[in-house]
Amino acid sequence: MEIAILNDNACARFGADLVEDLLQRKPTAVLGLATGASPLGVYRELGRRVAKGTVNLSGITAFTLDEYLGLPADHPERYRNVILREFANLVGVSAENIHTPDDSATDLDAACEQYERDIARAGGIDLQILGIGTDGHIAFNGPGSSLGSRTRLKALSKQTRIDNARYFDDALDKVPTHCITQGLATILDARHIVLLAEGVRKARAVVQLVDGPVSARWPASILQMHPRVTVILDQSAAQYLRDTDYYQRAFASRAERAAQF
Ligand code: PGA
């Protein structure tokens, strides 16, 4: 794992740099997109770069991680609507290039299998952007999720529903109870995973992600098994990590290496 511990604005800039580097090599890259607050800074920074003309995302295809079940098609918190509003509209990607799990399918299990096939047909995810829940979830894979899981229907954990009530007028009963989510094994298929976490409320989950045993109790810990993960943290989210000196030296030498070539 590469751990970058940065000041607030630098987190979004570094995340956007990683996307920009990929697009320079592969303008038709396949991106995996997360919803939630964590990636918003990266999306806005990419939007600024698109507006300045320094980066072009018009050739990409994107797949989101998950979708609530039971929200009306035009609900502002339905993740398809969130990602069109917070990402696609900002960076100039057309809606037809944004794929989201089909929450309206009559056969939801078939829709989950179809989503896996669609990702494979697009060539797989080149770069997956992730947040992390306070309980260590990634996408909607909460504690107890199978480490080998694929896209499927899930009941949302109580903690996730409490955390997300802020998007539903702080009313827990308005938060959906079920979702479709990519599984942990689906996420691990991405070639590069970039996880962002900011703030003290994420610090406990972050230490389990980086230093904890690999365990379904903290699903993000499965990322320790992936060969290319970049974890971007602010100082608060990183505060319980051991070895922060090492991470900071390694990250600084990355910049020196890049300058040499
Ligand atoms: P957040 O959520 O980015 O809104 O903190 C992260 C997550 O639940 O995965």
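Because the structure is predicted, anything quoted here is derived from the model rather than measured. Note that ligands are numbered from 1 as they come in the structure, with each ligand's atoms numbered from 1 the same way.
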Asks: Any side-chain donor-acceptor pair under 3.5 Å between Thr151 and Glu113?
Replies: no
Asks: Would you mind checking if Arg49 and Asp17 are paired as a salt bridge, meaning a charged N to carboxylate O distance below 4.0 Å?
Replies: yes
Asks: Tell me the salt bridge (Lys or Arg N to Asp or Glu O under 4.0 Å) pairs involving residues 24-39, sequence neighbours left out?
Replies: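 Applying salt bridge (Lys or Arg N to Asp or Glu O under 4.0 Å) to every pair that reaches into residues 24-39, excluding sequence neighbours, yields Lys26-Asp126.
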Asks: Does a donor on one side chain sit under 3.5 Å from an acceptor on the other, for Glu2 and Thr230?
Replies: yes
Asks: Check whether Glu67 reaches the backbone of Tyr79 with its side chain - one donor and one acceptor, N or O, closer than 3.5 Å.
Replies: yes
Asks: I'd like the atom pairs linking ligand 1 to the protein - N or O on both sides, separation under 3.5 Å - with distances to 0.1 Å.
Replies:
unit_1, atom_1, unit_2, atom_2, d
ligand 1, 3 (O), Ala37, N, 3.1
ligand 1, 3 (O), Ser38, N, 2.8
ligand 1, 3 (O), Ser38, OG, 2.5
ligand 1, 4 (O), Ala37, N, 2.8
ligand 1, 4 (O), Arg166, NH2, 2.8
ligand 1, 5 (O), Lys202, NZ, 2.6
ligand 1, 8 (O), His137, NE2, 2.6
ligand 1, 9 (O), His137, NE2, 3.3

Asks: Could you go step by step and tell me if Arg150 and Glu116 meet the salt bridge (charged side-chain N to carboxylate O under 4.0 Å, His left out) rule?
Replies: CA-CA 8 Å; Arg150 314 268 349 162; Glu116 292 272 338; 2.9 Å; yes
